[in-house]
Amino acid sequence: MGFRLSEHKSIVLELSDGQIVQSKRFNQSSHCFIATKTETGLEVQANYCIGLDWIGTTGRSLYVEPKINSKTAKIFNALTDYEEGISRTDEDSNTIESNIRELDYLKMLLQITNVPESHSEIKDLVKIDWEAKPIEIEQKDDKLTPFLVVRYLQLLKSIVRKGLKKSYYKVQENLNNRVKGKILVGQHIKQNVFKNRFTNTYCEYQVFGEDHAENHFFKKVLQFASSYVENHKDIFGKNYQEIQHTINYCCPAFELISDQVNEYELKHIKHNPFYKDYVETLKIGSHILKKFAFNITHTTSQKVTTPPFWIDMPRLFELYIYSKMIEYNQTDKMEIHYQFSTYGNALDILVSKPNTQMVIDAKYKLHYQNGHLHEDIRQVAGYARLKKVREQLNVSDDKNIDCLIIYPDMENGISVLTLENIIQFRQEIKSYYKVFKLGVKLPWI
């Protein structure tokens, strides 16, 4: 038996003797889920990640969907309300349910990967527990495979755009009236001596080209990804055409490449630092093949098993905002710094353009529609007082740097993140000096 939750909703479980459930962390800032003991049992609450996992040792699974409330902040208020001891009524819960929309997280991922600057920053977005027992779900509920497929295809598109890597690879061939490379004595005896082909020689030699082990692997995974996309168009919805375009863009580059994969060769590949995308693409590709148990017929199944996994939505949101800012500020993109680091601190986004300087923190919290969180404001204000930040912005006097918190707003948020629009539509948080907030619309299904 499994439980289905939206982000920041909770369930109460009754535990039997010997069953253990503990909160599970995703990283320093997010939990996969939070388990808290109450008078009635154990409350398990979804946090800032979406995914699927076992609930401790109960034998039950927890499935967290990418759904947020489109009109109110109540779902994202749940965690704050719990911390402040505020309870919600049934009427509040009914209002929440009526306004829920499912986030198009694939569209967000496509947006990020279509912008080279944000694409290069993608890391640690997903965690997969390959060692845990797989969980059986409906194909339509599988959020991991579409995520991996889209990520893989966008990486492959980047590789194809730059040109496939050429490398030396070994070729075995039965040559007529000539010798090349080294003679494979065993194969030569079997293929030629025993069959009275005395003019032939079975040789192994090296060739420099694209038909090597890594590209074989990429073509194999591309076939799996293409089959999956074609058989599950409804999962990708309005993103299907864009994904199919990416597949059509990649396929011609592999027309003359073999799809025969040699696992031994793959394990002993020496990665060229000039082709950084190859490392991540091989990793994601191996996840896809492992997900389908190396059997392409599994791409058509309606019931699937999947390992426990979690997708970090705050980081996805953060990268989405950065990609949008780069997309709409091409002439000023060198003045937009992502994860500006100093003394162990990393700012989400720092804008250093004169007369538009600001420290930006992307918060995946709808709470800001109706209020603000003092802890977040203290954090972004602290960033603005770092000496290295002030030096980057060339601020030598006592001037205060503008601070901005960007949050999701499905109803009244803006979509075009030009620096001019950010300045125009941001709202000042009245309790603080030069601290602003800005709602941004997210794509939804």
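- H31 is not listed as a side-chain neighbour of F26, based on a closest heavy-atom distance of 4.5 Å or more.
- Under the 3.5 Å distance criterion, with hydrogens and angles disregarded, a donor-acceptor pair is assigned to the side chains of H119 and R151.
- Judged purely by atom type and a 3.5 angstrom limit, K219 uses its side chain to pair as donor or acceptor with the backbone of I257.
- Between I336 and I349, the closest side-chain pair of non-hydrogen atoms falls below 4.5 Å.
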Item to check | Derivation and outcome, side-chain contact (heavy atoms from CB on, under 4.5 Å), residues Q22 and I20 | outcome: CA-CA 7 Å; Q22 295 179 334; I20 301 173; 4.2 Å; yes
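- Within the 4.5 Å cutoff, the side chain of I135 has heavy atoms near those of the P308 side chain.
- Side-chain contact, S10 with E43: a donor N or O sits under 3.5 Å from an acceptor N or O.
- Side-chain atoms of K441 and S415 form no donor-acceptor pair, as typed in the model, at a separation below 3.5 Å.
- Evaluation of the salt bridge (Lys or Arg N to Asp or Glu O under 4.0 Å) test over residues 415-430, restricted to residues two or more places apart or in two chains, returns D402-R426.
- Taking the six-membered ring for Trp, F236 and H232 have ring centres at least 6.0 Å apart.
- Counted by atom type alone, D211 and H216 present one or more donor-acceptor pairs between their side chains at under 3.5 Å.
- Here E242 pairs with K107 in a salt bridge; the nearest charged N to carboxylate O distance falls below 4.0 Å.
- A centroid separation of 6.0 Å or more is found between the aromatic rings of F208 and Y169.
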Next on the checklist: I'd like to know whether L125 forms a side-chain contact (heavy atoms from CB on, under 4.5 Å) with I122, so could you lay out the CA-CA distance, the side-chain angles of the two residues, the decisive distance to 0.1 Å, and finally the verdict.
Outcome noted: CA-CA 7 Å; L125 267 180; I122 293 181; 3.7 Å; yes
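- With rounding to the nearest 0.5 angstrom, the CG atom of L373 is 10.0 Å from the NZ atom of K437.
- At distances below 3.5 Å, not a single donor-acceptor pair connects side-chain atoms of D104 with backbone N or O atoms of W444.
- Proximity of K363 to D348: side-chain heavy atoms (C-beta onward) are nowhere separated by under 4.5 Å.
- Between the side chains of D312 and N27, a donor-acceptor pair is found at a separation under 3.5 Å.
- Between the side chains of H245 and N248, not a single donor N or O lies within less than 3.5 Å of an accepting N or O.
- Partner F218 forms a ring pair (Phe, Tyr, Trp, His ring centres under 6.0 Å) with one of Y275, Y278, F224 and no other, that one being Y278.
- S61 contributes no side-chain N or O that, together with a main-chain N or O of W54, makes up a donor-acceptor pair within less than 3.5 Å.
- If you take CD1 on I405 and CD1 on I429, they are separated by 5.0 Å, rounding to the nearest 0.5 Å.
- With a 4.5 Å cut-off on side-chain heavy atoms, F33 and W310 count as touching.
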Please table the atom pairs, donor to acceptor, closer than 3.5 Å between any side-chain atom in residues 316-326 and protein atoms at least two apart or in another chain.
{"from": "E318", "atom 1": "OE2", "to": "R315", "atom 2": "NH1", "distance (Å)": "3.4"}
{"from": "E318", "atom 1": "OE2", "to": "Y338", "atom 2": "OH", "distance (Å)": "2.6"}
{"from": "E318", "atom 1": "OE2", "to": "Q339", "atom 2": "NE2", "distance (Å)": "3.0"}
{"from": "S323", "atom 1": "OG", "to": "Q111", "atom 2": "NE2", "distance (Å)": "3.3"}
{"from": "S323", "atom 1": "OG", "to": "L319", "atom 2": "O", "distance (Å)": "3.4"}
{"from": "S323", "atom 1": "OG", "to": "Y320", "atom 2": "O", "distance (Å)": "2.8"}

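- Looking at V440 and L417, their side chains come closer than 4.5 Å, going by heavy atoms from C-beta outward.
- Judged purely by atom type and a 3.5 angstrom limit, Q139 has no side-chain atom pairing as donor or acceptor with the backbone of K303.
- With a 4.5 Å cut-off on side-chain heavy atoms, I401 and K434 do not count as touching.
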Return a table of donor-acceptor pairs under 3.5 angstrom between the side chains of residues 153-166 and protein atoms on other chains or two or more places apart.
{"from": "Q154", "atom 1": "OE1", "to": "T246", "atom 2": "OG1", "distance (Å)": "3.4"}
{"from": "Q154", "atom 1": "NE2", "to": "T113", "atom 2": "OG1", "distance (Å)": "3.1"}
{"from": "Q154", "atom 1": "NE2", "to": "N114", "atom 2": "OD1", "distance (Å)": "2.9"}
{"from": "S158", "atom 1": "OG", "to": "D277", "atom 2": "OD2", "distance (Å)": "3.0"}
{"from": "K162", "atom 1": "NZ", "to": "D277", "atom 2": "OD2", "distance (Å)": "3.2"}
{"from": "K165", "atom 1": "NZ", "to": "E214", "atom 2": "OE1", "distance (Å)": "2.6"}
{"from": "K165", "atom 1": "NZ", "to": "E214", "atom 2": "OE2", "distance (Å)": "3.3"}

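- For the pair T145 (side chain) and D142 (backbone), a donor-acceptor distance under 3.5 Å is absent.
- For the pair D141/E138, a side-chain contact is recorded, criterion being any heavy-atom separation below 4.5 Å from C-beta on.
- The main-chain N or O of I55 is found under 3.5 Å from a side-chain atom of T58 such that the two form a donor-acceptor pair.
- Around CD of Q330, the count of heavy atoms belonging to other residues, nucleotides or ligands within 6.0 Å exceeds 12.
- Applying the 6.0 Å contact sphere to CZ of R4 captures more than 12 heavy atoms from other residues, nucleotides or ligands.
- Of the possible donor and acceptor atoms, one in the side chain of D409 sits under 3.5 Å from a partner among the backbone N and O of N412.
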